[in-house]
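See below for the structure under consideration.
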Amino acid sequence: MKLLVTGGAGYVGSVCAARLLEAGHEVVVLDDLSTGHEDAVPAGARFIRGDIAEVIGDVLAEGFDGVLHFAAKSLVGESMQDPGKYWTGNVLTAIRLLDAMKDHGTPKLVFSSTAATYGEPREVPIPESAPTAPTNTYGATKLAIDHAITSYAAAHGLAATSLRYFNVAGAYGSIGERHATETHLIPLVLQVALGQREHISIYGEDWPTEDGTCIRDYIHVTDLADAHLLALDHATAGEHRIYNLGNGTGFSVKQVIDTCREVTGHPIPAVVAPRRAGDPAVLVASAERARTDLGWKPERADLAGIVRDAWEFTRARHGA
Ligand code: UDP
């Protein structure tokens, strides 16, 4: 297939672009490099630098079999302070994309949705049928796009899949997390192990969990990427399918820090800090639907293995 990967210079998008190329697809990456890195775009992909809202019509006019839409603003804290950036950057951009796909008859879409669409869950693990009540603007914008996709699929025959990511981590060889403003737990903890920061802050020790810290479901970036390939294969015209992607096992912030200590051999000092706005206490996926419908089987569910891959990537990048 000839596929357009928006956000293919970012962490998840570039890993997915690499896996698509390995599977024999033709890949074009569209990215404005606002947060991505051109050297993360895999060799073999054609790269177009541009703002989706401005160039998407011209790009899709070439003719594509599908779009994988990763490009987005994705910082929860920033989304609470600057919501306009998220409603414009995520929602308006996605509508431009959907309109261009309709105009040019692009048949398939795979969209990066998020566990943040559910908010504080009423049942854990979270199934796709759970109510959606985002606790932050980032999650609200992703949910709004999911709703838009549902109506475009029904009205215009789009074959669409939204994949709701839980906590993506790990690396794929030389491709890993390289955010200018790092907010994610595992890369921050590894910065401590590397000597780039003195300690890790634990955002709250008074959550209603066994050790008082938040619980998340960490999924390896290559397992996540592989679900996108399966989603493309299983998409049906006129349908919008939604799948959770996680391992179904939760780890607390303290357990993650302990695992990082084991993997790196570094003591990693930790300091308890106030809770972070918008954080739910527990997010763990039920990914049964992806397993049943797509035949998706995570191959790298072990947390220590996920951290090891992230650590190898981090050390290689910093020559440590
Ligand atoms: N977290 C933390 N300290 C940090 C960064 C994150 O305690 O420096 C916590 C955060 O509150 C959440 C978990 O680690 O409970 C995972 O956060 P992350 O930002 O990695 O992913 P999110 O779950 O927000 O998508």
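In this text, all values refer to a predicted model and were calculated from it rather than measured experimentally. Numbering of ligands and ligand atoms starts at 1, following listing order. Heads up: numbering here begins at 1 and tracks the sequence. Just the heavy atoms: all of them, side chains too, but no hydrogens, waters or symmetry mates, feed the values below.
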Asp279 bridged to Arg216 by N-O distance under 4.0 Å: yes
Option among Leu20, Leu3, Thr161, Leu163 that satisfies the side chain to side chain contact (heavy atoms under 4.5 Å, CB included) test with His228: Leu163
Salt bridge flag under 4.0 Å for residues Lys85 and Glu78: yes
Proximal protein residues to ligand 1, non-hydrogen atoms under 4.0 angstrom: Asn167, Thr183, His184, Leu185, Leu188, Ile200, Ser201, Ile202, Tyr203, Cys214, Arg216, Tyr218, Val253, Arg276, Asp279
Salt bridge flag under 4.0 Å for residues Arg96 and Asp99: no
Residue pairs passing the salt bridge (charged side-chain N to carboxylate O under 4.0 Å, His left out) test where at least one lies in residues 46-55, sequence neighbours excluded: Arg46-Glu62
Side chains of Asp211 and Ser252, donor plus acceptor under 3.5 Å: yes
